[in-house]
Amino acid sequence: MLQRTRYILTGWYVLITLSVSIVFSVFIYTGVSRPLKDFSRLSELNKQNSVLTTPFPPPKPPLPFPTDVTPEMIEARVRTLLILVNIVLVFVSAGTGYFLAGKSLQPVKKILGEQNQFISDASHELRAPLTAIRTDLEVTLMNKQLDKEAQRVLRSNLDEVIYLQNLANDLLELNRYENEKNALHFTPNSLLDISERAITGVLPLLKEKQVTVDNQIQDSKVWGDKSSLVRLCTILLENAIKYSDARKIIALHSKLEGSNLIVKVVDQGIGIDEEDKKRIFDRFYRADKARSRYETPGYGLGLAIASLIVQKHAGHISVKSTFGKGSTFTVSLPLRSI
Ligand code: ADP
């Protein structure tokens with residue numbers, strides 16, 4: 001992300017420097033060429049006048065001018081020189097801009113690193129006590145002598161703990177994908193196998209909602225980190241199930257398009273409106289704030305993780321949706337020579 005910003009800043013440096021230089025060059029060029037043009041017009045007139053009015057002896061030119069250098073030649077030379085200066089300036093300003101952009105982004109990089117480290121440490125620290133509380137609650141709930149009210153309270157606490165545990169796990173996962181040092185393990189994989197693994201992972205959700213998956217994936221090879229690709233597919237399937245009514249069908253399609261592999265997850269769910277479409281890939285963004293997490297569990301990190309996974313695979317993710325009718329998430333992954 002920072003590297004991209006560095007390139008963008010460099011582009012701006014070059015653009016600004018070049019615009020200033022072009023304006024100056026135009027001034028210099030017009031400043032030089034105008035008197036030269038006047039001069040050559042004047043000497044032309046003088047020549048004609050001298051032929052008409054002074055037959056003999058021929059008058060001297062108004063200003064001595066070397067015979068081998070004409071005003072047009074000077075103009076061309078100035079033009080070439082200015083073009084050359086501007087070309088050199090593009091390279092110099094690109095180099096300097098890249099260096100300066102790197103320098104100015106250094107503090108941002110440091111802050112981002114510290115922030116990531118903080119999220120990672122906090123999530124790690126939270127996981128151990130949450131696991132302990134969860135185990136205690138589960139064990140306590142096994143006690144049949146607990147009265148109904150105590151059971152209700154403990155169950156609600158358990159739900160909260162599970163929610164926090166999942167949140168800590170997702171934050172860690174997001175952090176892992178954001179941290180460039182954590183290289184993924186790229187191998188050739190079967191797309192069909194990945195889709196089937198993801199479907200198996202969401203079977204409880206499918207059963208609960210009585211939603212079916214129509215898996216139309218063509219088996220082709222996909223180059224990438226296997227667990228990340230399964231996770232990507234799982235996130236899109238989980239969302240398709242979560243945001244669909246009961247007994248709907250979710251379809252998975254794939255095709256080869258040029259040098260890309262296209263995978264589509266099509267649902268007949270509630271759809272996403274235009275305004276939300278621009279933001280659903282942001283962290284913690286949930287389209288309908290009124291929809292409480294008790295109705296559709298989640299915290300708006302799924303698509304942020306999905307988009308990071310796609311980014312790490314040099315791919316692209318997009319969504320098309322008609323509000324109230326359904327959504328189609330399309331992932332495009334570049335095919336590599338396997
Ligand atoms: P979460 O599902 O945990 O809220 P996500 O990042 O996975 O978080 O999704 C962000 C938001 O995008 C969701 O809150 C939901 O409003 C919207 N969304 C994602 N997938 C779908 C879908 N298939 N159909 C409708 N809305 C969706």
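Whatever order the structure lists them in is the order used to number ligands and atoms, beginning at 1. On a predicted model such as this, the values are computed, not experimentally measured, just so you know.
There is no side-chain donor-acceptor pair under 3.5 Å between Asp193 and Ser190. At a cut-off of 3.5 Å, with distance as the only test, no side-chain donor of Ser123 or Asn175 sits close to an acceptor on the other residue.
For Gly269, the closest heavy-atom approach to ligand 1 does not fall below 4.0 Å. Taking a 4.0 Å cut-off on heavy atoms, Phe329 registers as neighbouring ligand 1.
Looking at Glu173 and Arg176, no side-chain N of the basic residue comes within less than 4.0 Å of a carboxylate O on the acidic one, giving no salt bridge. Under the 4.0 Å criterion applied to side-chain N and carboxylate O atoms, Asp245 and Lys248 are not assigned as salt-bridge partners. At a threshold of 4.0 Å, the pair Asp170-Arg231 counts as salt-bridged, since one of the basic side-chain nitrogens sits closer than that to a carboxylate oxygen.
Residue-to-ligand polar distances place Gly302 within reach of ligand 1: an N/O pair is separated by less than 3.5 Å. The shortest N or O to N or O distance between Gly300 and ligand 1 is below 3.5 Å. Checking only distances, Ala287 does come within under 3.5 Å of ligand 1, N or O to N or O.
Those atoms of ligand 1 that come under 4.0 Å of a heavy atom in Gly298, given as number and element, are 3 (O). Every atom of ligand 1 is numbered from 1 in the order shown, and the set under 4.0 Å from a heavy atom of Tyr299 is 3 (O). Each of the following atoms of ligand 1 lies closer than 4.0 Å to a heavy atom of Lys242: 1 (P), 2 (O), 3 (O). Numbered from 1 in the order shown, with element, the atoms of ligand 1 that lie under 4.0 Å from a heavy atom of Gly271 read 25 (C). Of all atoms in ligand 1, listed by their number and element, those nearer than 4.0 Å to a heavy atom of Tyr285 are 10 (C), 11 (C). Atoms of ligand 1 found under 4.0 Å from any heavy atom of Ile280, numbered from 1 in the order shown, are 10 (C), 11 (C), 12 (O), 17 (C).
No more than 12 heavy atoms of other residues, nucleotides or ligands shown are found within 6.0 angstrom of NZ on Lys264. Open room surrounds CZ on Phe99; 12 or fewer heavy atoms of other groups in view lie less than 6.0 Å from it.
Contacts with ligand 1 closer than 4.0 Å are made by backbone heavy atoms (N, CA, C, O) of Leu301 only, the side chain lying farther away. Counting heavy atoms closer than 4.0 Å to ligand 1, residue Ile272 contributes side-chain atoms (C-beta onward) but none from N, CA, C or O.
A side-chain contact (heavy atoms from CB on, under 4.5 Å) with Leu191 is found for one member of Val222, Leu333, Leu252 and no other, namely Val222.
Between the side chain of Arg6 and the backbone N or O of Tyr98, at least one donor-acceptor pair lies under 3.5 Å.
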